[in-house]
Amino acid sequence: MPMDDDRSRGRVVARKRRALAVPLLMSLVVTSCTAGPFGLSTFGAADAATAEVAAPAEKTTVLDAPPGPASAVAMSSALFHRAPVVVVAAESDRAASAGAGALAERLGVPALQVPASAEPASKDAVRAEVERLSPRVVVTVGPDARREVESWAGGAEVVGIDAPRDSGKAPEPPSGLPAVERAQPVDVTVLADAGRDDTAAVATARAAGARVVRLEGADPRSDQAAIDALRAEPSGALLALGGDFGPPDRLRGRVDMAVRGGQLPGGGQVLFPGRMLVCLYGHPDGPALGALGEQDLEGTITRAKELAKQYEPLSDVPVVPSLEIIVTVAHGSPGPDGDYSGESDVESLRPWVDRAGKEGLYVILDLQPGRARLVDQAKRYASLLEQPHVGLAVDPEWKLGPDQVPLQQIGGVDAAEVNEVSAWLAGLTAAKSLPQKLLVVHQFQLTMIRDEQALDTGRDEVQLLIHMDGQGTTGQKVDTWNSVVGARPGDLPMGWKNFYDEDKPMLTPEQTMTYEPKPSMVSYQ
């Protein structure tokens with residue numbers, strides 16, 4: 001399409017956007033100025049130009065562009081319809097790029113980068129964006145950018161300035177440059193991964209008046225500072241920089257959760273890799289079922305905290321004390337409902353769950369289902385699972401077939417039944433605006449999880465963890481660990497169990513943390 005037709009179409013689109021989305025549009029009025037020593041034209045009132053900035057039409061937009069020049073073009077295209085001035089630097093000149101970004105932000109205009117790549121296509125995208133913006137002046141920072149831009153700047157004047165010695169500090173704009181009068185900022189929040197080099201794109205976003213939230217990674221739920229920023233100042237439109245944030249529907253759900261959802265012990269809304277759990281395992285009724293029942297509630301909380309402290313010097317993430325409470329216990333007799341599993345009363349467990357939450361502990365409700373369906377047992381404890389610090393565990397050792405009874409064989413569960421629990425737990429988490437839920441699956445024989453590679457690991461609301469429950473000598477435990485790690489789908493986080501009586505000897509915290517992958521959960525029985 002001819003360039004004049006393209007620009008004409010752009011003006012029509014801009015007029016329609018102003019009519020339909022007035023609150024989102026910001027006009028930057030160029031005021032008159034005098035000519036300076038760089039040979040710029042004098043811009044009088046009759047020559048005044050207008051830069052037009054608007055939020056993307058979609059409520060959530062993910063710019064799937066690599067860092068550097070491509071992300072700068074994507075951000076400019078997303079927010080700017082027209083700009084009287086554009087600032088350009090060479091990607092290879094870091095000082096110039098930082099200075100160009102600072103100058104663009106100061107002026108309220110886009111910042112672009114000339115790619116280091118010699119591929120014509122990579123440079124064509126930058127050139128096309130400059131042409132689309134229809135600038136009167138292109139300011140180049142550093143000699144490399146000027147040489148490149150002068151060859152294709154078209155009707156725009158090219159003015160070169162030196163990169164500032166103080167990297168990141170805005171250089172003084174050349175004399176005679178059209179001045180930009182700022183208006184109301186555009187109502188857009190831009191998410192940017194702090195691990196990417198998107199200097200120009202971030203500067204362009206700020207120049208448009210957008211609010212930029214930097215975070216570690218691409219999940220706002222995992223960064224407490226990002227959660228706080230999103231809660232402090234919600235905005236209408238959301239724009240994310242980098243394909244790792246997508247797809248848009250998932251990102252919008254994550255941001256909504258960050259704004260409305262509860263917090264995990266230790267902060268944040270995603271379990272791993274941001275924390276490590278160290279927990280006591282057992283039943284409140286007594287020591288026969290584990291260390292958790294060897295003392296009263298207050299004693300258990302104190303003991304769990306002391307255990308967690310032993311791991312703090314060994315972990316590069318916060319260590320959270322935890323309780324894994326057996327809530328359904330496998331029985332040798334069928335019981336009134338015939339499922340060979342005794343279900344604890346919810347209200348008898350509530351004091352333990354509530355007190356643990358107040359003390360900053362994470363709680364895991366463990367199911368020994370017998371012949372019962374896992375999801376049916378999980379639903380019994382929905383009111384406890386509605387609390388943000390409560391997760392779920394399933395123990396396939398005690399999952400029996402229709403003709404099996406406890407202690408006569410090692411049980412097992414199909415991946416499909418675990419997935420059914422995961423789907424229900426994900427639905428509960430989303431409906432109640434809860435942080436990510438932990439779903440632990442215990443394993444010490446590969447037959448305990450049938451069709452293991454079919455486990456659903458893609459639910460955003462649920463974090464699946466495989467927990468190695470082997471006991472015995474160190475050599476036996478290591479063999480079990482290697483086998484279980486090798487069978488897990490992908491790189492699921494792992495858990496390790498230490499047995500006070502059955503391990504010979506029980507590993508120290510230092511020894512426990514030598515295994516790879518490093519356990520994300522260590523429990524004591």
Side-chain angles (χ1 to χ4, degrees), residues 26-53 69 72-73 75-76 79-91 93-114 126-127 129-150 152-186 199-210 212:
M26 172 175 71
S27 292
L28 306 178
V29 180
V30 177
T31 60
S32 62
C33 63
T34 58
F38 292 87
L40 289 173
S41 299
T42 300
F43 291 94
D47 297 316
T50 302
E52 294 180 353
V53 183
V73 167
M75 184 64 70
S76 174
L79 296 181
F80 278 85
H81 295 304
R82 185 168 57 183
V85 178
V86 176
V87 183
V88 181
E91 178 188 16
D93 190 337
R94 295 181 65 86
S97 291
L103 178 59
E105 186 176 343
R106 174 177 172 178
L107 297 175
V109 299
L112 298 174
Q113 290 179 307
V114 175
V126 180
R127 182 167 110 182
E129 180 61 12
V130 171
E131 291 175 345
R132 186 190 69 83
L133 292 166
S134 302
R136 300 283 188 89
V137 179
V138 178
V139 178
T140 60
V141 182
D144 294 341
R146 180 164 190 171
R147 283 193 297 270
E148 183 70 34
V149 172
E150 281 183 330
W152 48 255
E157 295 188 53
V158 179
V159 181
I161 61 174
D162 294 331
R165 293 182 180 179
D166 184 1
S167 180
K169 182 179 179 181
E172 287 299 320
S175 228
L177 193 69
V180 177
E181 181 181 330
R182 291 183 179 273
Q184 182 177 356
V186 67
T199 302
V202 168
T204 295
R206 288 180 173 144
V212 176

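Remember, predicted model here, so these are calculated numbers, not experimental data. Only this structure's heavy atoms are used, side chains among them; waters, hydrogens and symmetry mates stay out.
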For residues V141 and A163, report the shortest heavy-atom separation together with the two atoms involved. CG1-CA, 3.7 Å
Minimum heavy-atom separation for P171 and R106, please, with both atom names. O-NH1, 3.7 Å
Testing L112, V109, V86 for side chain to side chain contact (heavy atoms under 4.5 Å, CB included) with S76, which one passes? L112
Sequence neighbours excluded, which residues qualify as salt bridge (charged side-chain N to carboxylate O under 4.0 Å, His left out) partners of D144? R147
Just so I know, are the side chains of I161 and L103 near enough to count as touching, which here means a heavy-atom distance under 4.5 Å? yes
Quick one: CZ on R206 to CE on M75, what's the gap to the nearest 0.5 Å? 10.5 Å
Taking only residues two or more places apart in sequence or in another chain, which ones pass side chain to side chain donor-acceptor pair (under 3.5 Å) with Q113? S97
In terms of heavy-atom contacts, L107 and P173 come closest through CD2-CB, 4.3 Å
Can you name the nearest heavy-atom pair linking A208 to F80, along with the distance? CB-CE1, 3.8 Å
Nearest 0.5 Å, please: how far is CZ in R132 from NE2 in H81? 8.0 Å
Heavy-atom closest contact (A207 atom, A104 atom, distance): CB-O, 3.6 Å
Can you check whether A111's main-chain N or O pairs, donor with acceptor, with T204's side chain at less than 3.5 Å? yes
Tightest non-hydrogen contact, residues T199 and A98, listed as CG2-CA, 4.1 Å
CA sep, side-chain torsions, deciding dist, call: E148, R127, salt bridge (Lys or Arg N to Asp or Glu O under 4.0 Å): CA-CA 10 Å; E148 183 70 34; R127 182 167 110 182; over 6 Å; no
My understanding is that only residues two or more places apart in sequence, or in another chain, count here; which of them pass side chain to side chain donor-acceptor pair (under 3.5 Å) with R146? E150
